[in-house]
Amino acid sequence: MAVTPLLIGMPEMRQSSLVVVANRLPIDDSVAPDGACEWRRNPGGLVSALHPLLRHTPATWVGWAGGTGPAPVLPDIDGVRMHSVALSGEDLRDHYEGFANATLWPIYHDAVEQPQHHRRWWDAYLRVNQRFAEATAQVAEAGAVVWVQDYHLQLVPGLLRTLRPDLRIGFFLHVPFPPPELFMQLPRRAELLRGMLGADLVGFQRAQAAHNFAQLVTKVLGLPATDRRIGIEDRVVRIGAFPVSIDTVEMAALADRPDVADRARRLRQDLGSPDQVILSVDRMDYTKGIEQRLKAYSELLAGGHVKVRDTVLVQVAVPSRERVSQYQILRDRVEREVGRINGEFGRVGEPAIHYLTQPFDRAELAALYRIADVMAVTPLRDGMNLVAKEYVAARVDDTGALLLSEFAGAAAELPQAHLVNPHDLEGLKQGLLAALRADPADVRERMRAMRAHLHEHDIRAWARSYLSTLDQTGSMLARLGGD
């Protein structure tokens with residue numbers, strides 16, 4: 001195969017037959033002096049979904065390492081080759097913080113916050129997507145399967161197809177895909193759609209998202225489309241819903257470890273051994289419904305429906321995108337509200353809300369899941385929300401109640417949860433009370449049903465479903481242990 005002009009002069013690299021392309025590499029921001037680095041496993045998100053798959057599958061991961069300047073050379077992790085893509089400070093500001101997270105993110109999450117539009121942001125988005133496409137073209141062997149991830153890189157499939165038409169290209173969107181009336185606000189809507197259509201398979205979390213996409217390519221590009229197939233030039237692009245999941249066996253085994261059980265007992269004691277613990281684990285993001293949840297809990301305290309001595313709320317809110325002004329403002333508002341609630345309802349040594357902003361390792365997170373009598377997952381909009389699924393997997397004794405937003409993708413798979421509309425404050429309060437006061441037999445029945453579903457629809461089932469649809473030869477599926 002001839003080398004494209006764009007690749008001439010780049011250093012020679014070992015090629016790979018499975019290439020995952022994502023905005024971030026799945027590694028810690030700091031590398032140890034001996035050169036070692038580890039998987040970065042934040043609550044939920046892309047890495048939690050793909051880590052169990054890739055640690056058993058020879059592959060290359062193309063992504064940004066987290067710093068600015070030249071791309072570092074990184075060691076393999078669990079046999080997965082890390083290939084870093086360089087981002088400058090300008091790229092970080094205009095591509096990541098700008099177009100990806102101040103333009104696309106709010107549009108894709110029902111415009112909870114007003115999206116911003118700047119032409120230089122689009123220029124950076126195009127420039128960075130081109131860089132990712134060129135890096136991927138260099139490391140992928142002939143006929144490789146390439147799996148491009150998420151909204152940061154929507155142009156990569158189309159750019160990569162131009163560079164390497166021999167590749168089998170998949171694209172998966174982890175966040176919601178909006179209805180046409182919202183997407184149509186984007187000045188570069190046609191370019192974004194064409195970029196995604198460079199893939200052979202475009203995957204979404206829910207069927208409604210695939211329907212929205214099909215409507216848009218017909219409306220904007222005039223292409224023939226159904227909710228399963230789109231015709232473009234001499235190709236057919238398949239689309240569909242592939243709800244992402246977790247490694248349920250791994251999470252259950254982790255939660256069942258004696259040291260995790262001991263840690264859970266100590267945590268409960270540290271909280272004052274309350275009758276009931278409510279837990280929320282979120283990134284600090286305006287889509288997560290943190291403010292609405294705090295207001296609902298505050299009103300339950302004010303009404304005497306819950307008492308601080310008997311019930312505690314543990315809110316984990318891991319900071320993210322801290323240089324984006326909307327996130328800075330949100331963090332200030334949340335911290336003021338936590339302070340107000342604790343000042344009004346807490347006692348010495350007995351805060352109403354235990355507010356934590358540091359990330360937790362997997363074992364500590366599993367211990368938190370074990371002590372949570374109620375897990376409150378109430379985003380205003382979410383593509384899936386893997387925290388909800390991790391909580392269910394960690395409840396190895398079939399106890400615990402899940403309070404879940406109707407607008408999380410997980411709600412379609414976990415109807416036994418206590419489903420609520422997070423925009424409805426009264427409904428949110430009543431849902432929380434229902435979860436707190438649920439009959440133990442009802443709790444067990446709901447949890448067993450949810451756990452059974454997740455055991456059948458785990459991360460490997462998701463990967464098999466998507467990759468078998470993408471990889472018509474079946475070779476990738478065989479490598480993953482598929483039937």
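All residue numbers refer to positions in the sequence shown, counting from 1. Predicted, not measured: the structure shown is a model, and the values here were computed from it.
Between F204 and F213, the gap from one ring centroid to the other is short of 6.0 Å. Aromatic ring centroids of F177 and Y108 lie under 6.0 Å apart. For F172 and W462, the ring centers sit closer than 6.0 Å to each other.
Counting heavy atoms from C-beta on, the side chains of L186 and H117 come closer than 4.5 Å. Taking the side chain as every heavy atom from C-beta outward, R331 and Q328 never approach each other to under 4.5 Å. Side-chain contact between E191 and W122 is present, with at least one heavy-atom pair separated by less than 4.5 Å. In this structure, the side chains of I230 and R235 stay at 4.5 Å or more apart for every pair of heavy atoms. Looking at S280 and I290, their side chains never come closer than 4.5 Å, going by heavy atoms from C-beta outward. No side-chain heavy atom of P157 sits under 4.5 Å from any side-chain heavy atom of M196. By the 4.5 Å heavy-atom criterion applied to side chains, R381 and V175 are not counted as neighbours. Side chains of W105 and E113 form no contact here, defined as non-hydrogen atoms less than 4.5 Å apart.
Of all non-hydrogen atoms in L197 and V237, the two that sit nearest each other are O-CG2, 3.5 Å. Summarising the geometry of M251 relative to R362, their closest heavy-atom pair is CE-NH2, 3.3 Å, with the distance given to 0.1 Å. Closest of all the heavy-atom pairs between S245 and I459 is O-CD1, 3.5 Å. Here the shortest heavy-atom pairing between P72 and A65 reads CG-CB, 3.7 Å. Residues L159 and A133 come closest through the heavy atom pair CB-CB, 3.8 Å. When all heavy atoms of V260 and L254 are compared, the closest pair comes out as CG2-O, 3.2 Å.
With hydrogens and angles disregarded, a donor-acceptor distance shorter than 3.5 Å links the side chain of R451 to the backbone of V392. At least one donor-acceptor pair under 3.5 Å links the side chain of N101 to the backbone N or O of Y96. Judged by distance alone, with hydrogens and angles left aside, the side-chain atoms of K389 form no donor-acceptor pair with the main-chain N or O of M384 at under 3.5 Å. When atom types are taken as modelled, the side chain of R120 and the backbone of D94 share no donor-acceptor pair closer than 3.5 angstrom. Listed for the T103 side chain is no donor-acceptor partner under 3.5 Å among the backbone atoms of A100. In this structure, D200 contributes its side chain and I169 its backbone to a donor-acceptor pair below 3.5 Å. Looking at T378, its side chain never comes within 3.5 Å of a backbone N or O of P422 through a donor-acceptor pair. No donor-acceptor pair under 3.5 Å is formed between the side chain of T60 and the backbone N or O of V19. At least one donor-acceptor pair closer than 3.5 Å links the side chain of R131 to the backbone N or O of A86. Checked by atom type and distance alone, the side chain of Y369 never pairs as donor or acceptor with a backbone atom of A393 at under 3.5 Å.
Within 6.0 Å of the CZ atom in R333, the count of heavy atoms belonging to other residues, nucleotides or ligands exceeds 12. Around CD of E456, the count of heavy atoms belonging to other residues, nucleotides or ligands within 6.0 Å does not exceed 12.
Salt bridge E97/R321: absent, no basic N to carboxylate O contact under 4.0 Å. The existence of a salt bridge linking D397 and R370 is excluded, since no basic side-chain nitrogen approaches an acidic carboxylate oxygen closer than 4.0 Å. A salt bridge links R127 to D91: one of the charged nitrogens lies within less than 4.0 Å of a carboxylate oxygen.
Evaluation of the ring pair (Phe, Tyr, Trp, His ring centres under 6.0 Å) rule for H453 yields H457 as partners, not counting sequence neighbours. Residues that satisfy the side chain to side chain donor-acceptor pair (under 3.5 Å) test with S325, not counting sequence neighbours, are absent from this structure.
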**Stepwise side chain to side chain donor-acceptor pair (under 3.5 Å) test for Q208 and N212** = CA-CA 6 Å; Q208 182 62 49; N212 292 344; 2.9 Å; yes
**Request:** Walk me through it: do E291 and E337 pass the test side chain to side chain contact (heavy atoms under 4.5 Å, CB included)?
**Result:** CA-CA 8 Å; E291 292 178 283; E337 183 65 5; over 6 Å; no
**Message:** Please determine whether side chain to side chain contact (heavy atoms under 4.5 Å, CB included) holds for the pair N23 and D150, giving the CA-CA distance in whole Å, both sets of side-chain angles, and the decisive distance to 0.1 Å.
**Reply:** CA-CA 8 Å; N23 177 64; D150 227 0; over 6 Å; no
**Request:** Verify side chain to side chain donor-acceptor pair (under 3.5 Å) between E134 and Q130, making sure each step is shown before the conclusion.
**Result:** CA-CA 6 Å; E134 292 174 8; Q130 182 72 42; 3.2 Å; yes
**Request:** Starting from the C-alpha separation in whole Å, work towards a yes-or-no answer on side chain to side chain donor-acceptor pair (under 3.5 Å) for D282 and Q315.
**Result:** CA-CA 8 Å; D282 307 283; Q315 173 64 65; 2.9 Å; yes
**Request:** Evaluate side chain to side chain contact (heavy atoms under 4.5 Å, CB included) for K288 paired with D382, printing each intermediate quantity in order.
**Result:** CA-CA 8 Å; K288 299 301 182 182; D382 223 337; 3.0 Å; yes
**Message:** For R238 and T469: C-alpha separation, side-chain torsions, deciding distance, then whether side chain to side chain donor-acceptor pair (under 3.5 Å) applies.
**Reply:** CA-CA 9 Å; R238 286 172 293 174; T469 304; 5.7 Å; no
**Prompt:** Where do I371 and L279 land on the side chain to side chain contact (heavy atoms under 4.5 Å, CB included) test, with the steps shown first?
**Reply:** CA-CA 8 Å; I371 67 170; L279 173 66; 5.9 Å; no
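Rounding to the nearest 0.5 Å gives a distance of 9.0 Å between CZ of R293 and CG of L380. From Y151, atom OH reaches atom CZ of F99 across 12.0 Å, with rounding to the nearest 0.5 Å. We find the CG-CG distance between L126 and L192 to be 10.0 Å, quoted to the nearest 0.5 Å. We find the CZ-CD1 distance between F171 and I239 to be 13.0 Å, quoted to the nearest 0.5 Å. Atom CG of residue L167 and atom OG1 of residue T136 lie 9.0 Å apart, to the nearest 0.5 angstrom. The distance from the CZ atom of R161 to the CZ atom of R194 is 15.5 Å, given to the nearest 0.5 Å.
Aromatic ring pairs are classed by plane angle as parallel below 30°, tilted from 30° to 60° and perpendicular above 60°; the pair Y466 and F242 is perpendicular.
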